[in-house]
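Below is one structure, written out as structure tokens; comments come after it.
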Protein chains: 2
Amino acid sequence: MRDNNEMPGHLARRFQQIAVAVFLAEVEEAGFDLTPVQYAALAAIKMNPGIDQVTLAGLIAYDRTTITGVVDRLVQKGLLVRHASPRDRRARELQITEAGKRTLRAITPAVEAAQHTMLRGLTEKEGAELMRLLRKAITAGNELSRAPLREARLG
Amino acid sequence: MRDNNEMPGHLARRFQQIAVAVFLAEVEEAGFDLTPVQYAALAAIKMNPGIDQVTLAGLIAYDRTTITGVVDRLVQKGLLVRHASPRDRRARELQITEAGKRTLRAITPAVEAAQHTMLRGLTEKEGAELMRLLRKAITAGNELSRAPLREARLG
DNA sequence: TACTGATAATCAGCATGCTGAGCAATATCG
DNA sequence: CGATATTGCTCAGCATGCTGATTATCAGTA
């Protein structure tokens, strides 16, 4: 039986657990109530106005069924609007609201602080190396989950 | 706005997402139905017979409220038994069953294969370095989540 | 145009994982 | 001993995140 500390899966869970806790703590301290996933979605929609939900899911590697609830909650909070696409009546186009933009701007320092805090045990160099190795492992394993990263289709 | 690939929190989520998918796929292929968390709990209980739920939670860094459901499901599957402690009537002592032991033995190759698969994009050396950096970051951040790792109390 | 397959979104159901609250039992201290 | 604090566990409630199914729509083709 391998020790937990030798199991990449266990280490992945622990690091993610800490990362989420740090994110939520920093964001709450800044006076906001937004989860990591909600933040990622909001930022992606700001960068890609009018994006549909499937494309959004691919951009940030969500499961397509998860996104329905996330978008629901962002709409509920008034940070997004969702309306039917004129070109494809199956699709819903997502737009960030003014309140959403304000929230994103205001929350960014807390998000940056969180990214720093979760690496606080590492040197600058080690943090960069950890990110490089994670990116490499993720790229190789991209197709192994139901929610792989997908480039936005052009035009 | 930082790119997602420069956000350790995003990378943590993606890596964990892939790790879980790989684990479940390997385990299912081996003919079993056990989640990563259930496996970790079962293994920890086998190594620490009679452990109570809070100590178990600390050993594998769960939240104490999460463990109730996990243990419920393992008991349901017949892999564990849970009975009141004679020394402390608040506590529940956990014991692995024979079926639990058989399952653990049979599932181990699949779990090992999963740990290998989730690092398949990395060289041996890079995989070891990734684990080292994760351990270091996790150790430094241990107290930042509600479910920190705790040593089992002695005797 | 009718048929077939693919696609966008949603839903039901299940399993983490968290917050905060509550209950029962134990430990501690005046 | 008795009041208080602490501890082990459970629960309600919420938010991911998954599987698999369904519905509506679109795209391609016979």
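As a basis for the values below, the full set of heavy atoms in this structure was taken, side chains included, without hydrogen atoms, waters or symmetry mates. Reminder, nothing fancy here: chain letters follow the sequence lines and each chain counts from 1. Computed from a predicted structure; not experimentally measured.
Heavy atoms of B/D63 sit under 4.0 angstrom from at least one base atom. Among the protein residues, A/R64 comes within range of the nucleic acid bases, having at least one heavy atom under 4.0 Å from a base atom. Contacts of A/T66 with the nucleic acid, taken as non-hydrogen atoms under 4.0 Å apart, include base atoms. As judged by a 4.0 angstrom heavy-atom cut-off over every strand, B/R146 is placed among the base-contacting residues. Contact annotation for B/V20: no contact, since no heavy-atom pair falls under 4.0 Å across all strands. Here B/S145 lies out of heavy-atom contact (under 4.0 Å) with every strand. Contacts of B/T65 with the nucleic acid, taken as non-hydrogen atoms under 4.0 Å apart, include base atoms.
Residues B/Q17 and B/R14 have side chains that bring a donor and an acceptor to within less than 3.5 angstrom of each other. Between the side chains of B/T55 and B/D52, at least one donor N or O lies within less than 3.5 Å of an accepting N or O.
In terms of position along DNA chain D, the nucleotide closest to A/Q16 lies nearer the 5' end than the nucleotide closest to the other residue of the pair A/D88 and A/Q16. Across the interface with DNA chain D, nearest-nucleotide mapping of A/K77 and B/Q17 shows A/K77 to be the residue nearer the 5′ end. Position along DNA chain C of the nearest nucleotide to B/R89 versus B/P36 favours B/P36 as the more 5'-ward residue.
Distance CG (A/L34) to P (D/dC14): 18 Å, rounded to an integer number of Å. Between A/Q38 atom CD and C/dC18 atom P the separation is 17 Å, expressed in whole Å. Here the P atom of nucleotide D/dC18 and the CD1 atom of A/I67 are 11 Å apart, to the nearest Å. What separates CG of B/L56 from C1' of D/dT7 is a distance of 16 Å, to the nearest Å. The separation between A/E93 atom CD and C/dA8 atom C1' is 13 Å, rounded to whole Å. Atom CZ of A/R73 is separated from atom C1' of C/dC18 by 13 Å (rounded to the nearest Å). A straight line from CG of A/L94 to P of C/dA8 spans 13 Å, rounded to a whole angstrom. Taking atom CG on A/D33 and atom P on D/dA15, their separation rounds to 8 Å, with Å as the unit.
In summary, of the residues considered (B/I96, B/L34, B/I45), a side-chain contact (heavy atoms from CB on, under 4.5 Å) with B/L79 occurs for B/L34 alone.
Contact record, A/V37 with A/Y62: O-OH, 2.5 Å, taken as the closest heavy-atom pair.
Closest contact between the side chain of B/R13 and the listed nucleotides C/dA15, D/dG17, D/dA15 involves D/dG17. For A/T35, taking side-chain heavy atoms from C-beta onward, the closest of the listed nucleotides C/dT10, D/dA15, D/dG8 is D/dA15. Which of C/dT10, D/dT16, C/dT16 sits closest to the side chain of A/T68 comes down to C/dT10. Comparing C/dT16, D/dC9, C/dA8 against the side chain of B/D52 picks out D/dC9 as the nearest. Nearest nucleotide to the side chain of B/Q53, out of D/dG8, C/dA15, D/dT10: D/dT10.
Under a cut-off of 6.0 angstrom, the local environment of CD in A/E29 is sparse, with at most 12 non-hydrogen atoms contributed by other residues, nucleotides or ligands.
The hydrophobic cluster containing B/L144 also contains A/F15, counting ILVMFWY residues as joined when their side-chain heavy atoms lie under 4.5 angstrom apart, directly or transitively.
Phosphate contact (OP1/OP2 of D/dT10, side-chain N/O of B/R82, threshold under 4.0 Å): present. For A/R90 and C/dT10, the shortest distance from a side-chain N or O to OP1 or OP2 is not below 4.0 Å.
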